[in-house]
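Heads up: the structure comes next, in structure tokens.
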Amino acid sequence: MYDDLGSPLTAAEFRSITDAVVGNIEQVIEGKTATVRLALAVMLAEGHLLIEDVPGVGKTKLAKALARSIDCSVRRIQFTPDLLPSDVTGVSVYNQESRDFEFKPGAVFANIVVGDEINRASPKTQSALLECMEERQVTVDGVTYPLQTPFMVIATQNPIEMEGTYPLPEAQRDRFTARIAMGYPDPAAELAMLDAHGAHDPLQDMRPVADATIVRRLIATVRDVHVADMVKQYAVGLVTATREAPDLRLGASPRSTLQMLRTARVVAALDGRDYVLPDDLQSLAVPVLAHRIIPTAEAQLARRTTDQILADIITRLPLPTDRQRSPYDTRQRPQQANPTNPYDRRGY
């Protein structure tokens, strides 16, 4: 299981390294600890991150800071309308000396790929990321090239200015493990930013605190985090509820269930636990599911956001027991006693 990742780390080693990465990023991104931890969690869950917010709040800076905190290969792609798929995946070029075609890797051949303003590229170019994000490989001219581990795509987009952009199709959005918004900093953090960034960009002084080998061992460590059967049932019940909700015309996919569980393992490990709680799934519901679901026309007219709909589902859905049910099932069911620490492996 760990042949390609290395041996897992101890809990103390895991906590020390992840705290160092978070602290390193916070030298550049002030007052956004929860956002930084979630970005790191997506990486260790072997997922991809979509940062969607208004201009000037630090979307690209967060992506660069995460990339520079790890000593591995990083490539940045500025998505524009004239960008071609071959610029992303690579192209076969004829070599006159060898009289044969030679493959020139594209920008996607890196451990971390930062895609800036991804919705400014055409759908044809956007689709060049589909295979590599899901299967971690690239196929060009009938030849398949595997990508390195770790591999993560961090994409940014501006949801306000839509002129000259191409909205991401559902197939593309579903491949992003989580969508986050930076939000405006509070006054204290913005004041600290003026002191830290006023005369010099601290991003230039960042030094890596981990490398690709360490990241692979971190990934191997979180795979050992325990998930009780009732927590798995709760995850399935949460995703199933989005498919039954009357305010949604498109619910979350089975891929989202898997990615939410993987990310929950990392969140638990970052909190110093070796088991997942239902609270981990609840905290991840909005960033992992909100960008995958589509509200009905009636819900949009009522100005109900996907965040509000998911919050309502979480409120309705009972905490996990031996058997899950839909939050829209109003039939009465007798309460069952839960054992002490039912989510911890030591409770069995």
Side-chain angles (χ1 to χ4, degrees), residues 21-43 47-70 74-83 87-88 107 110 112-122 125-126 129 152-168 172-173 175-208 284 286-288 290-292 303 305-308:
V21 174
V22 171
N24 203 42
I25 298 173
E26 287 189 314
Q27 296 178 16
V28 177
I29 306 295
E30 290 87 1
K32 298 292 181 183
T33 303
T35 302
V36 171
R37 282 168 61 89
L38 181 56
L40 177 60
V42 171
M43 167 182 281
H48 310 286
L49 184 65
L50 177 63
I51 309 176
E52 186 177 278
D53 212 329
V54 297
V57 294
K59 300 188 298 294
T60 306
K61 194 171 288 289
L62 172 61
K64 286 184 175 181
L66 177 60
R68 293 195 180 188
S69 295
I70 300 168
V74 180
R75 298 289 295 273
R76 181 178 184 272
I77 308 174
Q78 182 64 55
F79 282 81
T80 56
D82 59 347
L83 189 73
D87 297 327
V88 177
I112 299 179
V113 179
V114 180
D116 200 18
E117 298 285 351
I118 187 174
N119 58 335
R120 293 199 176 276
S122 66
T125 303
Q126 291 179 15
L129 290 171
M152 181 184 189
V153 174
I154 307 176
T156 69
Q157 71 172 355
N158 172 15
I160 304 300
E161 184 184 4
M162 302 305 294
E163 294 184 4
T165 63
Y166 304 87
L168 296 181
Q172 180 77 63
R173 297 175 72 88
R175 278 167 169 77
F176 284 102
T177 300
R179 181 193 64 180
I180 63 174
M182 296 295 296
Y184 292 113
D186 59 53
E190 194 161 3
L191 186 61
M193 181 193 70
L194 296 179
D195 294 333
H197 298 250
H200 179 69
D201 186 1
L203 190 65
Q204 304 300 323
D205 299 328
M206 287 192 68
R207 296 293 181 268
L284 292 171
V286 170
V288 174
H291 63 290
R292 307 172 191 264
R303 297 188 176 182
T305 64
T306 53
D307 294 17
Q308 294 171 336

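Since we're looking at a predicted model, the values are computed, not measured.
- Counting all heavy atoms, side chain and backbone alike, Asn158 lies closest to Ile160 at OD1-N, 3.0 Å.
- The shortest non-hydrogen separation linking Leu168 to Phe176 is CD1-CE1, 4.2 Å.
- Side chains of Ile29 and Met182 form a contact here, defined as non-hydrogen atoms less than 4.5 Å apart.
- Nearest heavy-atom pair, Leu66 versus Ala39, reported as atom, atom and distance to 0.1 Å: CD2-O, 4.1 Å.
- Lys61 places no side-chain N or O within donor-acceptor distance of the main-chain N or O of Val28, the cut-off being under 3.5 Å.
- Interatomic distance, Met206 CE to Asp201 CG, rounded to the nearest 0.5 Å: 10.5 Å.
- With values rounded to the nearest 0.5 angstrom, Asp82 atom CG is found 9.5 Å from Ser122 atom OG.
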Would you please test Ile77 and Asp87 for side-chain contact (heavy atoms from CB on, under 4.5 Å) and show each step?
CA-CA 9 Å; Ile77 308 174; Asp87 297 327; over 6 Å; no
Begin from the C-alpha positions of Leu284 and Leu38 and carry the test side-chain contact (heavy atoms from CB on, under 4.5 Å) through to its verdict.
CA-CA 9 Å; Leu284 292 171; Leu38 181 56; 3.7 Å; yes
Please determine whether side-chain contact (heavy atoms from CB on, under 4.5 Å) holds for the pair Asp205 and Gln27, giving the CA-CA distance in whole Å, both sets of side-chain angles, and the decisive distance to 0.1 Å.
CA-CA 10 Å; Asp205 299 328; Gln27 296 178 16; over 6 Å; no
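- The line from CG of Leu50 to CG of Asn119 is 9.0 Å long, rounded to the nearest 0.5 Å.
- Expressed to the nearest 0.5 Å, how far CG of Leu83 lies from OG1 of Thr80 amounts to 5.0 Å.
- Expressed to the nearest 0.5 Å, how far CE of Met152 lies from CD1 of Ile112 amounts to 7.0 Å.
- When side chains are defined from C-beta on, Ile180 counts as touching Leu62, because their heavy atoms get closer than 4.5 Å.
- The side-chain heavy atoms of Gln204 and Arg68, taken from C-beta on, include a pair separated by under 4.5 Å.
- Inter-residue side-chain proximity for His48 and Leu129 is flagged as unmet; no heavy-atom pair is nearer than 4.5 Å.
- Taking each heavy atom of Arg173 and Gln157 in turn, the nearest pair found is NH1-NE2, 3.7 Å.
- Atom OG1 of residue Thr125 and atom CZ of residue Arg120 lie 14.5 Å apart, to the nearest 0.5 angstrom.
- A heavy-atom distance below 4.5 Å is found between the side chains of Arg76 and Lys64.
- Results of the side-chain contact (heavy atoms from CB on, under 4.5 Å) test with Gln78 over Thr60, Asp116, Ile118 single out Asp116 as the only residue that passes.
- A donor-acceptor contact shorter than 3.5 Å links the side chain of Lys59 to the backbone of Val54.
- Scanning all heavy atoms of the two residues, the minimum distance from Ala63 to Val114 falls at CB-CG1, 3.8 Å.
- For residues 177-192, the set of pairs meeting the side chain to side chain donor-acceptor pair (under 3.5 Å) definition, not counting sequence neighbours, comprises Glu52-Arg179.
- Between the side chain of Ser69 and the backbone N or O of Pro208 there is no donor-acceptor pair closer than 3.5 Å.
- Annotation for Phe79 and Ala121: closest pair CD2-CB, 3.4 Å, computed over non-hydrogen atoms.
- A donor-acceptor pair shorter than 3.5 Å cannot be found between the side chains of Thr305 and Asp307.
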